[in-house]
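Input: a single structure, listed below in structure tokens.
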Amino acid sequence: MDGNKDEALKCLKIAQTSIESGNRERALKFLNKARRLDPSLEIDDLLSQADAFQSKSSVSSSPSSSSIPSKSGSSCTRRRVSLYTEEQVTIVREIKRKKDYYDILGLEKGSSVEDVRKSYRKLSLKVHPDKNKAPGAEEAFKMVSKAFQCLSDAERRRTYDSVGSEEPVYTRRPTTHHHATGFRFSDDVDADEIFRNFFFGGMNPATTTHFSFGTGMGMGGNQGSKSLFKTLIQLLPVILILLVNFLPSSDPVYLFSRSYPYDLRLATQRGVNYYVKSGKFEQEYPVNTPMRSALEEKIDNDYFSILSHNCRLERQQLHWGYQRQTPNCDTLKQFQAAA
């Protein structure tokens, strides 16, 4: 394997020299050989350079002055040059440079679910590998799908807005590396399945709310009263959500991760770390006061809810064989045992 890698690197250097000297056929020959020897090599940019050189040389030279190529070589060249456009390359590069889900979809943080759907519909068609053959299009398509899957789900979106990432940040790790352990749901997402569900199978069921009003609506007597009561109970969560949306918004009192100006680190009685603004927090929530106790109880409950959410995702991945460890479920058990 090491011998193949060394040979592949030699072929890569020869291809780079050939591109600089203007010998496109020789460059393509050694690039393809390098990929066969080591499929992990990144040669898409070099292929793009070779194609760009070919397109420029074809414009500057006339058919009469060039040598007569073989039929198979000329048809292959024409197919390769027409695989993708400069606009497709540009949109792929723009998406791959972004990390934030809102930036990937080109949305503001307060955008509605309908805005998320419209943006996904537009971008997914532009970067789908069946439509866009530019280098990196498949990776860009997965990034767009991950962003849509997160922002179209209310629970996952709240977690992402609070933490700034879908990765669990609550697992206590022995090292300081952020990605040393933990669970990454977004890396295992099936982008094609999301695409098929969106365009051919309807929206994700998680984003749709169904209500069952029963068969007693419009009937008189006790049956009508019971049916009306059940309907009100079913609509109660929706009413609460609407009330919360119309309440005046303000900055959160605490965060679970350090982010300016939340730079003061504290811990609850149950050992949950959180960050607050160092200005007036101690004055507004003095130690050993009912207000401080109520706040830390809320922090413990939020911590438990997010751990439970991440644990459910881990069990799904474990069921489908995507991973073997469940660090969030283990931490949840420890947290419950300590309580």
Original post:
Taking C-beta and beyond as the side chain, do Leu105 and Asp115 meet within less than 4.5 Å on heavy atoms?
Top reply: no
Original post:
Are Asp263 and Ser278 side-chain neighbours, meaning at least one heavy-atom pair lies under 4.5 Å?
Top reply: yes
Original post:
Would Gln88 and Val92 count as a side-chain contact (heavy atoms from CB on, under 4.5 Å) if you check the C-alpha gap in whole Å, the side-chain angles of each, and the deciding distance to 0.1 Å?
Top reply: CA-CA 6 Å; Gln88 292 176 324; Val92 168; 5.6 Å; no
Original post:
Any side-chain heavy-atom pair from Tyr262 and Ser257 closer than 4.5 angstrom?
Top reply: no
Subject >> Thr268: side chain to side chain donor-acceptor pair (under 3.5 Å) partners, not counting sequence neighbours >> reply: Asp300
Subject >> Tyr285 and Val276: CA distance, side-chain angles, deciding distance, side-chain contact (heavy atoms from CB on, under 4.5 Å) verdict >> reply: CA-CA 11 Å; Tyr285 299 91; Val276 298; over 6 Å; no
**OP:** Step by step, work out the side-chain contact (heavy atoms from CB on, under 4.5 Å) result for Tyr101 and Leu107.
**Re:** CA-CA 9 Å; Tyr101 286 167; Leu107 299 172; over 6 Å; no
Subject >> Polar side chain donor-acceptor pair, Tyr102 to Asp161, under 3.5 angstrom >> reply: yes
Subject >> Arg157 bridged to Asp153 by N-O distance under 4.0 Å >> reply: no
Original post:
Glu94 pairs by side chain to side chain donor-acceptor pair (under 3.5 Å) with which of Arg97, Lys98, Lys96?
Top reply: Arg97
Original post:
Are Glu25 and Asn23 close enough that some pair of their side-chain heavy atoms sits under 4.5 Å apart?
Top reply: yes
**OP:** Working to the nearest 0.5 Å, report the span between OH of Tyr254 and CD of Glu296.
**Re:** 11.0 Å
**OP:** Report the distance from atom CG of Asp130 to atom CD of Glu138, rounding to the nearest 0.5 Å.
**Re:** 10.0 Å
Subject >> Proximity of Phe256 and Tyr275 rings by center, below 6.0 Å >> reply: no
Original post:
Does Phe148 offer a backbone N or O that forms a donor-acceptor pair with the side chain of Ser152 under 3.5 Å?
Top reply: yes
Subject >> Working for side-chain contact (heavy atoms from CB on, under 4.5 Å), residues Ile194 and Tyr120 >> reply: CA-CA 11 Å; Ile194 296 174; Tyr120 172 76; 3.6 Å; yes
**OP:** Verify, without hydrogens or angle tests, whether Lys298 (side chain) and Ala294 (backbone) share a donor-acceptor contact under 3.5 angstrom.
**Re:** no
**OP:** Report yes or no: does Ser259 contribute a side-chain atom to a donor-acceptor pair with the main-chain N or O of Leu255 at less than 3.5 Å?
**Re:** no
Original post:
Of the non-hydrogen atoms in Cys11 and Ala34, which two are nearest, and what is the gap between them?
Top reply: CB-CB, 3.9 Å
**OP:** Output yes when a side-chain donor or acceptor of Glu314 lies under 3.5 Å from a complementary backbone atom of Cys329, and no otherwise.
**Re:** yes
Subject >> From Asn328 atom CG to Leu313 atom CG, the distance as rounded to the nearest 0.5 Å >> reply: 8.5 Å
Subject >> Beyond-backbone contact of Thr159 with His309, side-chain heavy atoms, under 4.5 angstrom >> reply: yes
Original post:
Rounded to the nearest 0.5 Å, how far apart are CG of Leu28 and NZ of Lys33?
Top reply: 15.0 Å
Subject >> Between CZ on residue Arg315 and CG on residue Asn310, distance to nearest 0.5 Å >> reply: 12.0 Å
Subject >> Distance-only donor-acceptor check, side chains Asp302 and Ser305, under 3.5 Å >> reply: no
Original post:
Do the side chains of Leu125 and Val144 join up, straight or via other hydrophobic residues, at under 4.5 Å, putting them in one cluster?
Top reply: yes
Original post:
Hey, quick one: are Leu264 and Met291 part of the same hydrophobic cluster, counting side-chain heavy atoms closer than 4.5 Å, chains of contacts allowed?
Top reply: yes
Subject >> Within-4.5 Å side-chain heavy-atom neighbours: Leu12 and Phe30 >> reply: no
Subject >> Lys/Arg N to Asp/Glu carboxylate O, Glu282 vs Arg292, below 4.0 Å >> reply: yes
Original post:
So do the side chains of Glu108 and Ser111 get within less than 4.5 Å of each other, counting heavy atoms only?
Top reply: yes
Original post:
Side-chain contact, heavy-atom cut-off 4.5 Å: Ser308 with Leu332?
Top reply: yes
Original post:
In the hydrophobic clustering (ILVMFWY, side-chain contacts below 4.5 Å, transitive), which residues join Leu318, or is it alone?
Top reply: none
Original post:
From Asn132 CG over to Glu87 CD, what is the distance, rounded to the nearest 0.5 angstrom?
Top reply: 9.5 Å
Original post:
Tyr160 and Leu151: which non-hydrogen atoms are nearest, and at how many Å?
Top reply: CD2-CD2, 4.3 Å
Subject >> Basic-acidic side-chain contact under 4.0 Å: Arg312, Glu155 >> reply: yes
**OP:** Assess Arg265 against Tyr274: is NZ or CZ under 6.0 Å from the centre of the six-membered ring, and within 45 degrees of the ring's axis?
**Re:** no
